[in-house]
Each structure stands twice: as structure tokens, then as C-alpha cells.
Amino acid sequence: MSEVREESAAPTLHDLLETSGLGLSVPEGRIQQLDRPVSWVHTTEMRDPSRYLRGGELVCTVGISLQSEQDCTVFVDALTRAGAAGVCFGVGDGHDVVPAALLSRSSQHGLPVLVAPPTVPFSQISRFVAEFSLGSEIAVARATHVLVPELLASLRRHDSPRQLLDSAGRVLGCYFLLEPEGSRAPDDDAVTVELPGLGALTWVGRGDRPEPALLDLIGRFVRAAQSERDIEAALARERVGQLLSLVERRMLLPDALSQLLDWPGFSASEIVCSAWPPGAGALVSMAFPDALIGAAPDLCLVLTVGAGKISDDLALPAGHSAPVPLTDIGSAIAQARIALALAEQRGGRVGPDQLSTLESLLEQLPPAQLLPFKQLLIDPLAELDSQRGTQHVRTLRVFLACNGSLSDTAKELFLHTNTVRHRLTRIHEITGRDPLQHKDVTAFMIGLWAAERAERP
């Protein structure tokens, strides 16, 4: 994980030069102001890209449009007016060396120039600037992606807080202490978060220093692990989960829930059901103290009153149903289960608005039902592309993404409109389905979706 940076931190031109993986250099014999911060990276081949700049950008170009002294003058003057941080000139494509006219004009304006070798794509520079500025957020996201499944598994095993912290330490390559509040002397090298009623969770310096946000996440799981030790509460969640499962399978009438369970929300006009990963019962119960929590073997079900109480800051996938009356709670559970399946694939949350899409419908179908669309419509195109180096599948995908617009597809693929039309005609000849006909567009969309699904690990 990276060190903690200020939110406003931005790399300077000097930082880019000092990063060995980028391989950037400065023109020989030039003294430049390399302490300029870089807000973003903008790649262009325009003579005057100033209308697309906001100031502070490192403008990358291979100089395709910079063929004369006048071209270089217009280019440098435009960047200076826009407040660009500097120019990164890629050699080896349009020019073997940086044009002398560009260097001369840049010196007059005090505009720094960096040189990128042919082996360094501009995207690599963009990625460096983005990760430098958002380093802590990226570190937390990456660690969370690996850590949360392990912590959920620990909760399902009913591990103690100490065992859960050991699991977190193994994943992150560090060690955590859970000590009574005020028992540890202040330590500048330690990272600590207070857990009311449990003590202080402290990283003591083995391994990479964790971001505070990540420590907060671990703290929530520690509190959940402590709550999970409450046998009575755990049994109550299991009983609720069993009853809700019976309602979902139509083996119990929804109205019977209000007679078997003591929850004031049953009297509300509308109830929302949300589904969470199995083992999250104790964690979710802390986030929703007024909710009804049910722990089933394959998921955790949560009933809340109204649609406005389903969001929280837990780093878990979740699926939410539309608000329904108690009599329709069985369908709400089914909705939430489907939404959770989508959320586990996409990450984040999935609500009822995202269930009314073709993609969500396809997610619910067995792969065997979608296989003919892939075999008959996409596989022949992909095989031809592989044998002859054509791009029928890519053209079809872009055409559908552009809502069937020939001109937009041509712009996206840098082709003439007639070329796009010819490729679509060939797709019609190969598959027997016409991408220009509305009734066949849906079939192609299903085929592409099925092909992407088949490639998932």
C-alpha cells in the first residue's frame, strides 16, 4: 500500500522524471522549471488544443500536426495561454527527435519539455499521474477487494475478534493489537482507531502502513465479530432467516411473520428487502439497528421500512428490492437475491432500477439457454476475425454501443461510413441476421453478452 498523501497532492514534472519505469528525459542542455505540479495528462495531435485544457495539464503528443515552424509556434503559444504544466513529446512516430522550433519557442515561454521514448505509451504516464493523486483511495480499494471476503469468512466461522485480526494481518502482511482504551502510550509510527466498548485497534508497524479508512473497515468487522459472540442474537438471526426462506418458497404466508416475529416494521405500508453476503448478519445489524435481520446459509436478508434506509458505508456488495407491502415480501426477497447476484459480479450496490434491464434479465437465465445466440451469431464472426484479421465482432459491438448510428460508429472506429455499412452487410451474409433490422439487434446484443459471460473466470 502507498503512503498517506494529502488529497490535493499532485506529481511534479520532476517526479515523472525520477520515476524509472516511465523512462522520461529532458532535452540536453536545457534548464527548466520542473517543480510544476501536473493536474492531469492530456494526449492530443491538434495544433491548438487550448479549448480542451483547464490548466496544469502535461500535454502529450508525437507531433503529427507539428511539421513546420509555424505549427510549433501555434502549439506552444496555445499551451502557454491555457496554463499547461509542460509538454511530453514522444519520439519515434512522427519525429525521430523533438523539433528544434518547438524547443526554441518553449524556451521563450518557459514551457518545460519532457521526452518520451517509443517504448513508453502515454497511457502509462496518465496512469502514474492518476495513481499518484489518488494513491490512498486506490490502495484502500485494492486491499478491500482482497480483505473483505476473508473477513466475511471469519465471521461465518464465528471467529473471535483476535482470530479475525490475525486473518486481516495475514492478508495485509502486518499485525494488529486490540488493547484497552488508554493503555498504550502515543506512538507516531502507530495507526490507531478507537472501538467503543472494545478498546483501541492499533497497527504496530509490521508490514505496510495501512490507510486509516482501511483500519476503520477492519474495526467494523471487529465489532461485528464481538457481536457475533452473542449466541442469543445469532440464534435470533438464524430463526428469522429460516422464516424468510419459507416465505420465499411459499411455504409460509407473509402475514404469519407478524405473528411469529416481534418487529414493528410489519405495520408499515411498504417494506424494502435487501440481500447481503452470507456471514454479514452481525455487521449489518450494527448498520441497521432498526431492521429485521435474517441469516440464511447462502445470504443475509434485511428488512427495512421505506426505501431511504438501505444505504450505508459497508464495503460489501448488496442487492435491494423495490418497496412492497408485507403481502408481497416473498417477491421482494426474490428481487433482492437477484440484485445481490448482480452486485457480486459488478461490485457495489444494485437496486430495483437496475433490475429492469436486458442485462439483469440475462443474468438470471441459465448459460445453456443463451449458448445458441453465441454459437450462431458471434462464434462465426470471431472465427473469421481470427483467421483473416478482420474486425467484424468489434464493429458489431461498437455499432450497438452507438445505438445503431452508422456515422457515430465510423467516427469511433476511424472508418468511412461506407466501410462500416459494408462490414454490417458481411455480418448479415455470415450469420443470416441483419444488424440494421431492429428485430435482429436484440439477438446480436444477447449473443455478445453471452460471449462475454463465457469468458468470465
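The first residue of the sequence shown is numbered 1, and numbering continues consecutively from there.
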Using the test side chain to side chain donor-acceptor pair (under 3.5 Å), find all partners of H392 that sit at least two apart in sequence or belong to another chain.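 Checked H392 against side chain to side chain donor-acceptor pair (under 3.5 Å); matches are D385, T390.
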
Once side chain to side chain donor-acceptor pair (under 3.5 Å) is applied, do any residues pair with R54, and if so which ones, sequence neighbours excluded?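 Residues passing side chain to side chain donor-acceptor pair (under 3.5 Å) with R54: none at all.
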
Taking side chain as C-beta onward, heavy atoms only, is [X] less than 4.5 Å from [Y]?
X    : Y    : answer
D15  : T12  : yes
P27  : Q32  : yes
D290 : T304 : no
V87  : F75  : yes

For the student: nearest non-hydrogen atoms of [X] and [Y], plus distance:
X    : Y    : result
P278 : R156 : O-CD, 3.3 Å
S321 : A332 : CB-O, 3.3 Å
G56  : A85  : O-CB, 3.5 Å
V91  : V98  : CG1-N, 4.0 Å
H320 : S274 : ND1-CB, 2.9 Å
L316 : P277 : CB-CD, 4.5 Å

Once side-chain contact (heavy atoms from CB on, under 4.5 Å) is applied, do any residues pair with A168, and if so which ones, sequence neighbours excluded?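 Partners of A168 by the side-chain contact (heavy atoms from CB on, under 4.5 Å) criterion, ordered by chain and then number, come out as L147, L151, F176, I218.
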
Side-chain donor/acceptor of E45 to backbone N/O of I64, under 3.5 Å: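 Yes; judged by distance alone, with no hydrogens or angles, the pair exists.
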
Any donor-acceptor N/O pair, Q335 side chain to P352 backbone, under 3.5 Å: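 Such a contact is absent between Q335 side chain and P352 backbone.
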
Show me the side-chain donor-acceptor pairs of residues 408-418 shorter than 3.5 Å, one per line, residues at least two apart or across chains.
residue, atom, partner, partner atom, Å
D408, OD2, S405, OG, 3.4
T409, OG1, S405, O, 2.7
H416, ND1, N418, N, 3.0

In chain order, what residues pass the salt bridge (charged side-chain N to carboxylate O under 4.0 Å, His left out) check against R127, with sequence neighbours excluded?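 Scan of R127 (salt bridge (charged side-chain N to carboxylate O under 4.0 Å, His left out), adjacent residues dropped) gives none.
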
Holding to salt bridge (charged side-chain N to carboxylate O under 4.0 Å, His left out), I want the full list of residues that pass it with E150, two or more places apart in sequence or in another chain.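 Partners of E150 under the salt bridge (charged side-chain N to carboxylate O under 4.0 Å, His left out) test: R157.
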
Scan for salt bridge (Lys or Arg N to Asp or Glu O under 4.0 Å) pairs involving residues 69-78, sequence neighbours excluded, and state none if there are none.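 Passing the test, one end in residues 69-78: R47-D71, D77-R105.
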
Pairwise side-chain hydrogen bond (donor to acceptor under 3.5 Å, both in side chains) hits with a residue in residues 78-95, at least two apart: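 Listed by first then second residue: nothing to list.
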
According to the side-chain hydrogen bond (donor to acceptor under 3.5 Å, both in side chains) rule, which pairs have a member within residues 427-436, sequence neighbours left out?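 For residues 427-436, and leaving out neighbouring residues, the side-chain hydrogen bond (donor to acceptor under 3.5 Å, both in side chains) pairs sorted by first residue read R426-E429.
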
Could you work out, with ring pair (Phe, Tyr, Trp, His ring centres under 6.0 Å) as the rule, every residue matching H42, not counting sequence neighbours?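 Residues passing ring pair (Phe, Tyr, Trp, His ring centres under 6.0 Å) with H42: none at all.
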
Give every donor-acceptor pair under 3.5 Å between a side-chain atom in residues 111-124 and any protein atom, sequence neighbours left out.
residue, atom, partner, partner atom, Å
Q124, NE2, G21, O, 2.9

Count the heavy atoms of every other residue, nucleotide or ligand shown that sit under 6.0 Å from [atom1] of [X], and state whether that count exceeds 12.
X    : atom1 : result
E383 : CD    : no
M46  : CE    : yes
H109 : NE2   : yes

List the atom pairs, donor and acceptor, that lie under 3.5 Å between side-chain atoms in residues 365-378 and the rest of the protein, sequence neighbours left out.
residue, atom, partner, partner atom, Å
K374, NZ, D379, OD1, 3.1
K374, NZ, D379, OD2, 3.2

